[in-house]
Amino acid sequence: MKGSLAMTIIGMLHHRLDPTTVLKSYAYAAVAKAEGAQFFYFTPKSVDFAKRSIRAKVYEDGQWQEKTMPFPDVIYNAGSPEKLSVSKEIIDRLKEEIPFTTYSIGNKWNVMKRLKEAKEFEQYLIPSEIVKDADVFHKFINYYKRVVFKPIDGRKGKGIYFITKAGPKNFEVKKDSTNTIYSKPQLDALLKEQLASGTFIMQPYIQSITKAGQVYDFRLHVQKNGEGKWVVTTVYPRIAPNGSIIPNINNGGFTNYLDPFLEQEFKEEAYNIRRMLEHFSLALAHHLDDIQMEKFGEVIDEIGIDVGLDQQQKIWMYEVNWRPGCPPAFYLELDVVINSIRYAMYLAKNPKRVKKKMVQQKSNPGEVKKEIVQQKSNPVEIKKNLPIIAITGSAGKTTTKAFVGSILSKQWNVFESKDYWNTTEHTKKHKEEINDSHQAVVLEYGMAYPGIITNHCSIIQPNISIVTNIGLAHVGNFDGDVRGVAKAKSELIHGMDQQGLLILNKDDDNSRFLETQQFKGKMLTVGIKRDADYRAYDLQYKDIGMSFKMKLHGQEIELYIPILGEHHVYNALNAVAVADYLGFSPLDIQAGLNFKKPPRRLTIYNLRDDITVIDDTVHSHPQGVRAAIDVLTNIAKKRKVAIIGQMRELGVLREEEYRKVGEYIYEEGIDEFITYGFRTDEMSNAAIEMGMDPARVHHFINKDALHALLDKLIKPHDTILVKGASKTNMFETVKYLDQTLKEE
């Protein structure tokens with residue numbers, strides 16, 4: 001009898017007769033036994049439909065033994081689709097009554113074509129074309145200059161050519177670690193020879209390079225688990241050997257553990273990049289699952305995605321493989337096998353549920369997508385009417401959160417996320433920490449790519465949302481279009497309680513791109529320059545903060561915040577709007593705005609000889625740089641010194657925005673202008689072009705040299721702004737000034 005003790009029977013289908021020639025067969029047999037399943041190995045020709053039995057191989061007493069087995073509950077589809085195709089009739093009959101795992105998603109070209117047609121992941125695709133002849137290839141390389149030429153069904157990095165246009169009639173061809181210069185006739189002959197052997201595709205060559213100059217990529221391995229849900233099995237970097245540009249392990253490449261690799265290459269950004277890669281892999285797996293069900297009525301359960309990161313840390317997808325291998329160096333084969341066996345057992349126990357989903361997808365794709373989103377979503381169980389306040393925006397999130405939390409804490413027990421904890425992984429942690437004692441929740445929702453804020457909202461859905469502004473932070477991930485940033489930020493509007501409260505910045509021109517048309521709740525605005533529901537006026541710079549006035553319920557009140565900058569008045573207004581909406585008094589609001597300032601946000605250091613240092617070294621984007629320069633010009637007593645580092649993720653807008661900063665430096669009358677970091681001299685040059693004295697403009701890529709200049713340059717009564725993205729470690733310059741110029 002089949003499954004006498006409700007034991008799941010798993011059959012591994014393969015084209016090879018001998019399981020000892022299939023390395024993973026033993027691992028699957030061992031894990032199946034450990035998981036309480038019965039396992040056997042078989043080929044199509046061993047199936048007897050009349051007797052509903054299979055002449056199988058079972059691993060017992062240390063060896064594979066031939067046994068007659070009943071039809072299994074589920075079939076793990078392990079063989080080559082091409083080699084199994086000779087037995088198509090047998091396999092199709094098995095599929096009619098037994099669920100299969102591990103469906104092929106097609107060759108790399110077909111996968112990319114599907115993703116392009118579906119559009120959702122189109123922005124991550126490297127442009128690809130099938131090479132029909134040499135003429136098509138030459139048109140492509142004339143445009144892109146450096147291309148990859150590879151087989152459409154290539155595996156393990158085999159048969160890949162990297163071709164660079166080296167001159168009008170010459171081409172550099174790199175294969176494995178060999179470089180050869182070809183003339184056009186020689187290259188045409190190579191192309192003709194390769195095209196005769198099969199179908200090839202070509203792509204522009206986009207490569208990720210380590211600090212040591214080695215090419216690398218990331219393998220993202222995702223599977224379905226024992227609950228039928230997608231999980232990340234592993235993410236790991238693959239690094240090419242010196243001189244090679246193929247990081248595939250079979251070509252001499254090597255792997256590394258993910259976290260130390262990211263920390264070495266990306267420092268403070270390491271955590272967010274890991275989460276970004278994990279989120280991307282799961283989102284793509286769900287998307288491909290949708291497409292496979294819709295097009296073929298099949299459920300996929302395992303994919304390997306190879307991606308790279310460009311200089312702006314944008315993800316580019318090289319290829320997607322079904323049933324990917326695992327690096328033996330990490331002993332991860334067992335993790336892969338455990339997920340495969342557990343998913344097979346899930347499939348055997350839930351065939352109707354899976355079949356129903358496939359039928360639904362064929363008839364109504366939207367409903368299944370909705371079900372998948374609901375599977376991923378698991379909103380926190382919250383008390384009715386508990387204020388859940390979420391803040392997003394290109395700038396001001398952390399400060400706004402701190403203001404809101406400070407005011408609400410005057411009366412309530414508030415759950416407030418830590419400084420800069422704004423990834424989806426953080427939101428998951430927050431969900432576990434919120435409890436019945438909390439009377440309000442204040443969270444920051446960060447975003448670098450589409451879909452991330454939707455994910456935040458699926459974990460904890462807010463009923464009060466603030467969009468501080470729409471600026472150029474991360475614009476490089478949206479093809480340089482600020483409307484793409486606005487669309488991604490609009491996910492907060494779509495994902496929040498549709499009857500809740502939404503607060504927007506009336507003075508921010510780019511906020512007009514936010515998708516508010518369908519929102520049914522209450523909208524309030526804040527502003528300084530334009531009429532708004534909560535408007536500040538009479539702004540004054542004080543010693544270490546700002547004072548301003550506003551009207552609440554017809555009464556004028558004066559408020560003070562212990563942080564410099566007009567832009568922080570907007571952050572305070574967001575908090576005033578929330579607190580007033582929730583019924584807090586003007587006295588609570590006044591007291592709460594005197595908050596604990598987030599670290600390294602326009603922090604003032606008063607040093608010897610009446611020298612002042614302004615530390616603003618957490619984030620850096622054009623809007624924030626100009627705001628910091630405004631603070632410098634407003635508080636400086638005598639000379640104004642601006643030290644400006646790199647701004648990240650501006651993409652194609654970098655040159656234009658750097659130029660604008662240089663022009664702004666000149667317009668604001670900065671006395672000494674110092675830039676630090678790769679390409680930041682574009683700011684320096686723009687200031688000089690505007691008319692700034694070149695003797696007062698300095699550029700460095702070496703921090704020690706910069707500090708040596710400061711020893712000579714700084715005079716009594718100077719005010720010095722240090723501004724740059726945290727990744728550029730500009731805080732080291734703040735520490736240097738503080739230690740060198742401390743009061744004695």
Side-chain angles (χ1 to χ4, degrees), residues 1-104 223-224 226 228 296-302 322-323 333-334 336-355 358:
M1 277 186 62
K2 185 172 83 168
S4 55
L5 290 171
M7 181 179 279
T8 301
I9 304 177
I10 302 170
M12 175 188 270
L13 172 64
H14 207 282
H15 59 274
R16 291 183 188 166
L17 286 170
D18 185 357
T20 62
T21 64
V22 180
L23 291 176
K24 61 185 175 183
S25 61
Y26 169 75
Y28 278 81
V31 171
K33 185 172 184 179
E35 293 291 326
Q38 197 169 1
F39 179 88
F40 64 79
Y41 178 100
F42 75 104
T43 59
K45 291 182 180 174
S46 64
V47 178
D48 186 336
F49 284 99
K51 295 181 180 176
R52 296 184 59 74
S53 65
I54 295 174
R55 290 192 322 279
K57 299 286 177 69
V58 179
Y59 194 82
E60 287 181 354
D61 301 325
Q63 59 184 342
W64 291 98
Q65 300 183 15
E66 191 166 306
K67 281 194 173 184
T68 300
M69 300 294 292
F71 273 17
D73 299 303
V74 62
I75 291 173
Y76 172 60
N77 185 18
S80 158
E82 293 79 17
K83 290 177 180 174
L84 286 172
S85 62
V86 296
S87 305
K88 184 177 184 305
E89 189 179 327
I90 295 170
I91 292 169
D92 285 347
R93 283 187 68 183
L94 287 171
K95 283 180 180 176
E96 285 174 13
E97 52 182 300
I98 301 170
F100 270 54
T101 72
T102 322
Y103 280 98
S104 167
Q223 294 178 279
K224 283 184 179 167
F296 306 104
E298 296 172 350
V299 177
I300 60 172
D301 53 79
E302 182 177 15
W322 69 288
R323 206 169 58 206
E333 189 70 33
L334 205 57
V336 173
V337 176
I338 288 168
N339 278 330
S340 295
I341 291 293
R342 288 178 180 173
Y343 175 69
M345 294 171 74
Y346 165 84
L347 201 58
K349 291 169 186 170
N350 299 276
K352 290 181 180 175
R353 182 177 175 183
V354 176
K355 195 79 174 173
M358 290 192 291

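Bear in mind the structure is a predicted one, so any value in this text is a computation, not a measurement. By convention here, the first residue in the shown sequence is residue 1.
A 4.5 Å side-chain heavy-atom check between Phe71 and Val47 finds at least one atom pair inside the cut-off. Using a 4.5 Å heavy-atom cutoff, the side chains of Pro72 and Ile54 are in contact. Ile341 has its side chain out of reach of Tyr76: every pair of non-hydrogen atoms, C-beta onward, lies at least 4.5 Å apart. In this structure, Phe49 and Arg93 have side chains that are in contact, with non-hydrogen atoms separated by less than 4.5 Å. Side-chain contact between Phe100 and Leu13 is present, with heavy atoms from C-beta onward closer than 4.5 Å. Two residues are said to be in side-chain contact when any heavy atoms from C-beta on lie closer than 4.5 Å; Tyr343 and Val299 meet this criterion.
Every ring-ring contact (aromatic ring centres under 6.0 Å, His included) that Tyr59 has, sequence neighbours left out, goes to Tyr26, Trp64.
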- Message: Could you walk me through whether Ser340 and Gln223 satisfy the side-chain hydrogen bond (donor to acceptor under 3.5 Å, both in side chains) test, starting with their C-alpha distance in whole Å, then the side-chain angles of each, then the deciding distance to 0.1 Å, before giving a yes or no?
- Response: CA-CA 8 Å; Ser340 295; Gln223 294 178 279; 3.2 Å; yes
- Worked verdict on Trp322 versus Ile300 for side-chain contact (heavy atoms from CB on, under 4.5 Å): CA-CA 9 Å; Trp322 69 288; Ile300 60 172; over 6 Å; no
- Task: Show your working on side-chain contact (heavy atoms from CB on, under 4.5 Å) between Val31 and Phe39 and close with a plain yes or no.
- Result: CA-CA 9 Å; Val31 171; Phe39 179 88; over 6 Å; no
- Task: Could you go through the side-chain contact (heavy atoms from CB on, under 4.5 Å) check for His14 and Lys57 one step at a time?
- Result: CA-CA 11 Å; His14 207 282; Lys57 299 286 177 69; over 6 Å; no
- Yes or no on side-chain contact (heavy atoms from CB on, under 4.5 Å) for Asp48 and Arg55, after CA distance, side-chain angles and deciding distance? CA-CA 8 Å; Asp48 186 336; Arg55 290 192 322 279; over 6 Å; no
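Contact detail for Thr68 and Ser53: the closest heavy-atom pair is CG2-CB, 3.8 Å. Contact record, Pro44 with Leu84: CG-CD2, 3.7 Å, taken as the closest heavy-atom pair. Contact between Asp301 and Tyr103 at its shortest, heavy atoms only, is OD2-N, 4.5 Å. Counting all heavy atoms, side chain and backbone alike, Arg16 lies closest to Tyr41 at O-OH, 2.7 Å. Counting all heavy atoms, side chain and backbone alike, Thr101 lies closest to Asn77 at O-CB, 3.0 Å. The heavy-atom pair separating Met69 from Gln38 by the smallest distance is CE-NE2, 3.3 Å.
Atom-to-atom distance recorded for Ile98:CD1 and Ile91:CD1 is 12.0 Å, nearest 0.5 angstrom. One finds the CE atom of Met12 at 10.5 Å from the CZ atom of Phe42 (value rounded to the nearest 0.5 Å). With rounding to the nearest 0.5 Å, the separation of CE in Met7 from CG in Asp73 is 11.0 Å.
Between the side chain of Asn339 and the backbone N or O of Lys224 there is no donor-acceptor pair closer than 3.5 Å. Side-chain atoms of Ser87 never come within 3.5 Å of backbone atoms of Ile90 as a donor-acceptor pair (strictly under, hydrogens ignored). Using a distance-only test at 3.5 Å, with no hydrogens or angles considered, no donor-acceptor pair links the side chain of His15 to the main chain of Gly79.
Within a 6.0 Å radius of CD in Glu89, no more than 12 heavy atoms belonging to other residues, nucleotides or ligands are found.
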